[in-house]
Amino acid sequence: MANKIQTVKGTREFYPEQMALRNFIYEKVRAASQAFGYQEYDGPFIEPIDLYAAKSGEELVKKQSFTFQDRGGDFVTLRPELTPSLARMIAAKQGELTFPVRWWSFGPFWRYESPQKGRTREFFQWNVDMIGVDTPEADAELIAVAASFLRSVGLTPRQAAIFVNNRSLINAQFDALDIPPEKRVDVSNLIDRRAKMKPEAWDENGLELGLNRNQLEGLKGVLENYELWKQSEELVRVFDALEALGVKEYIKFEPGVMRGLLYYTSTVFEAFDLTGSVRRSILGGGRYDNLLADVGGDPLPATGFAMGDVVIGIILQEKGLVPEFDPTPADVLVTVFDESLWKKSLELSTQLRNAGIATMVYPEAVKLQKQFKFADRMKMKVALVLGPEEAEKGLVVVKNLLNGEQVQVQTEAVVEEVKKLLG
RNA sequence: GAGCCUAUGGUGUAACGGCAGCACAACACACUGUGGAUGUGUUAGUAUGGGUUCGAAACCCAUUAGGCUCCCCA
């Protein structure tokens, strides 16, 4: 114990049970993406650091990424996000791709941050993006993909919601309050923080940023105005589309959703668990029409979102939405009676596998009791016994482990009998 | 990067500065051709490194890991 080498901080080991959860998420993500016609893709896991330097802040690249020099002396980084790789991939084939491009991906990412509940240094992230159109209906589609996923894993609108806002709508409010453009980032961050601060502390924070009383009160008015979306043609169209897409019950207008990122230009959204212990967002995204041009591609409008596997994994477990773990993909155990019958048991298993039935052979000629106990623990459904008596007569015992009943059948009839039991 | 809290068999927990105990799990046996139940037994622990003390799981310092905030959340 003392000398064991620990895992790298913030990484997780995926035992079969955790792997099942990861695959469960992957399957649901894939289904939601493909239902809307998105194609799966991926980029490299290691990238030149310069790819991120173009648009990311210094703190991000230097402090929050896994960066190192390779043997040739080049600085490379474990990808902290996918969007720059996506932008490069789109730019490289801009002439060949059929637009609008609808792409999705689910893969590993790394961020050098302090691990907390819902946050690790190594995680999986689902990315979904549509590139080449700038309609509010496209934004709505992305939100609908996200909502379909939430629904497909069993989260009800009462348990999870997607909060939608619009950057340009809020920027117009800033203008109306005479909040200068250079303060927008700070004020946006202030808005993001509102939910987790006491009102007095929040007020104080706002005054420190240089807002006056009028601006502060005006800002609160904006944040409490849940009719504000009616002033945004884009949001009106987004909400109309979401209704037609059948996911309206998951959607709420929320003037306080800003998203930290600078590059969002219009629609922004973020999904939260409404009832559980995780306060972090489940997923988030929005429209980023300038990004592709910023990283060196031709200007192309784009909209998309990302979801990490950690937060959603915790939520699914807390709410009991993860399917019961199945310890083995094999439903049938062929027991081994004694050393002299090894070969017959192995042959029997081959016969079953050739018929498409996943089958395990017990790998030791130990007491049947032990072999049965193993089958029980592994929640297997059928056990086969081939002892001296059966071998002599060309028979096999087929036992239904769910009800304990067993029958002797001809060796040739085993497959049929097993199929009957597995239904 | 900053502050606070936590760390005892595989898991969950107990022990005033004085013999580290309990439950579950695992394994074995009861049960030499059949699992789930029961009983008996066995295995197994004070995160790491220092210090204080006659004596440390307990007190002190550091480290590591985890948790909660701040920051950040591409």
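Chain letters run A, B, ... following the sequence lines, proteins first, then strands; residues in each count from 1.
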**OP:** Go ahead and write out RNA chain B as dot-bracket, 5' to 3': ( ) for pairs within the strand, [ ] for ones crossing earlier pairs, | when the partner sits on another strand, dots for unpaired; Watson-Crick or G-U wobble, both distances under 3.5 Å.
**Re:** (((((((..((((....[..)))).(((((.......)))))....(((((..]....))))))))))))....
Original post:
Counting only non-hydrogen atoms, which of residues 372-390 of chain A are less than 4.0 Å from RNA chain B?
Top reply: A:F372, A:K373, A:D376, A:R377, A:V385, A:P388, A:E389, A:E390
Subject >> Rounded distance in Å between the P positions of B:C19 and B:A56 >> reply: 12 Å
Subject >> Check: B:U32 base within 3.5 Å donor-acceptor of A:K367 side chain >> reply: no
Acceptor/donor pairs from residues 414-423 of chain A side chains to any protein atom, 3.5 angstrom cut, sequence neighbours excluded:
unit_1: A:E417; atom_1: OE1; unit_2: A:K420; atom_2: NZ; d: 3.3

**OP:** Write down the distance between CE (A:M258) and C1' (B:C72), rounded to a whole number of angstrom.
**Re:** 17 Å
Original post:
Which pairs pass side-chain hydrogen bond (donor to acceptor under 3.5 Å, both in side chains) with one or both residues in residues 321-346 of chain A, sequence neighbours excluded?
Top reply: A:E324-A:K379, A:D331-A:K381, A:D338-A:S340, A:E339-A:W342
**OP:** Quick one: label A:G10 by what it contacts on the DNA or RNA (base, sugar-phosphate, nothing), any heavy atom closer than 4.0 Å.
**Re:** sugar-phosphate
Original post:
What's the CH2-C1' distance between A:W110 and B:C72, to the nearest Å?
Top reply: 20 Å
**OP:** Would you mind reading off the distance between A:E17 atom CD and B:A25 atom C1', rounded to a whole angstrom?
**Re:** 14 Å
Original post:
Does A:F24 offer a backbone N or O that forms a donor-acceptor pair with the side chain of A:E27 under 3.5 Å?
Top reply: no
Subject >> Sequence neighbours excluded, every pair satisfying salt bridge (Lys or Arg N to Asp or Glu O under 4.0 Å) that has a member inside residues 131-159 of chain A >> reply: A:R102-A:E141, A:E137-A:R237, A:D139-A:R287, A:R151-A:E249
**OP:** Give a yes/no on whether any side-chain N or O of A:K399 is located under 4.0 angstrom from OP1 or OP2 of B:U34.
**Re:** no
Subject >> A:R12 CZ - B:A65 P separation (whole Å) >> reply: 17 Å
Original post:
Looking at B:C72, B:G33, B:G67, which one has an atom nearest to any side-chain atom of A:L368?
Top reply: B:G33
Original post:
Does A:R111 make a cation-pi contact with A:F66, if we ask for NZ or CZ under 6.0 Å from the ring centre and within 45° of the axis?
Top reply: no
**OP:** Give a yes-or-no answer on whether the side chains of A:Y26 and A:R22 include a donor-acceptor pair shorter than 3.5 Å.
**Re:** no
**OP:** Would you kindly give the OH-to-P distance between A:Y15 and B:U11, to the nearest whole Å?
**Re:** 10 Å
Original post:
Could you state the CD-P distance from A:E364 to B:A28, rounded to the nearest angstrom?
Top reply: 10 Å
Subject >> Among B:C72, B:G67, B:A28, the one nearest A:K370 by side-chain distance >> reply: B:A28
Original post:
Is there a residue in residues 320-336 of chain A whose heavy atoms reach under 4.0 Å of RNA chain B, and which residues are they?
Top reply: none
Subject >> A:I314 CD1 - B:C68 P separation (whole Å) >> reply: 8 Å
